[in-house]
Amino acid sequence: QVQLVESGGGSVQAGGSLRLSCAASEFTYKTYCMGWFRQAPGKEREGIAAIYSPDSATYADSVKGRFTISKDNAKFTLYLQMNSLQPDDTAMYYCAADGRHCRGWAFRPFNALDARGQGTLVNVSS
């Protein structure tokens, strides 16, 4: 089973940047699509970005233009570069992977994905 471990979360002021990393134990057919979810306090978990190839990234409207997803196949690592962070970005961020296509990532049930990380906390202060 693929293991995913997130890192890079922390506290930052509004307008700042953070880069999240997700180290996978391996890339297999179950990591065909990889991406990020987040869950803010008192809110539903939402899929915010997904990727399966360098030119295939998709984003939720809430992060489009500010966040960039990428992955390094040689390092088995997924990244999320987050710029222009706002207090509304405060959430637990989760890395996930699935053997299916990335289409519909934002609406895919998190617990039905093939692999899920434990999360890393991002706190943005005003």
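- Glu6 places a side-chain N or O within donor-acceptor distance of the main-chain N or O of Gln118, the cut-off being under 3.5 Å.
- Applying the disulfide (SG to SG under 2.5 Å) test to pairs two or more places apart or on separate chains, none has a residue in residues 58-91.
- Every residue was checked against the side-chain hydrogen bond (donor to acceptor under 3.5 Å, both in side chains) condition with Asn111, not counting sequence neighbours, and none meets it.
- Residue pairs that meet the side chain to side chain donor-acceptor pair (under 3.5 Å) test with at least one member in residues 76-85, sequence neighbours left out, are Ser17-Asn83, Gln81-Asn83.
- Under a 4.5 Å side-chain heavy-atom cut-off, the cluster of Ile, Leu, Val, Met, Phe, Trp and Tyr residues that includes Leu20 is completed by Val2, Leu4, Val12, Leu18, Phe27, Met34, Trp36, Ile48, Ile51, Tyr59, Val63, Phe67, Ile69, Phe76, Leu78, Leu80, Met82, Leu85, Tyr93, Val122, Val124.
- Ser125 approaches Pro87 most closely through the heavy-atom pair C-CG, 4.4 Å.
- Residue pairs meeting the disulfide (SG to SG under 2.5 Å) criterion with at least one partner in residues 95-126, sequence neighbours excluded, are Cys22-Cys95, Cys33-Cys102.
- Phe37 meets the ring pair (Phe, Tyr, Trp, His ring centres under 6.0 Å) test with Trp105, Phe110; sequence neighbours excluded.
- Checked against side chain to side chain contact (heavy atoms under 4.5 Å, CB included), Ser53 has the following partners two or more places apart in sequence or in another chain: Asp55, Ser56.
- With sequence neighbours left out, Lys75 forms a side-chain hydrogen bond (donor to acceptor under 3.5 Å, both in side chains) with no residue at all.
- Through direct or relayed side-chain contacts under 4.5 Å between Ile, Leu, Val, Met, Phe, Trp and Tyr, Phe107 connects to no other residue.
- Listed by first and then second residue, the salt bridge (Lys or Arg N to Asp or Glu O under 4.0 Å) pairs involving residues 87-107 are Arg38-Asp89, Arg66-Asp89, Asp98-Arg100, Asp98-Arg108 (not counting sequence neighbours).
- Counting only residues at least two apart or on different chains, no salt bridge (Lys or Arg N to Asp or Glu O under 4.0 Å) pair has a member in residues 13-22.
- Residues Lys71 and Asn73 come closest through the heavy atom pair CE-OD1, 3.6 Å.
- We find the CG-OH distance between Asp114 and Tyr29 to be 7.0 Å, quoted to the nearest 0.5 Å.
- No more than 12 heavy atoms of other residues, nucleotides or ligands shown are found within 6.0 angstrom of CD on Gln1.
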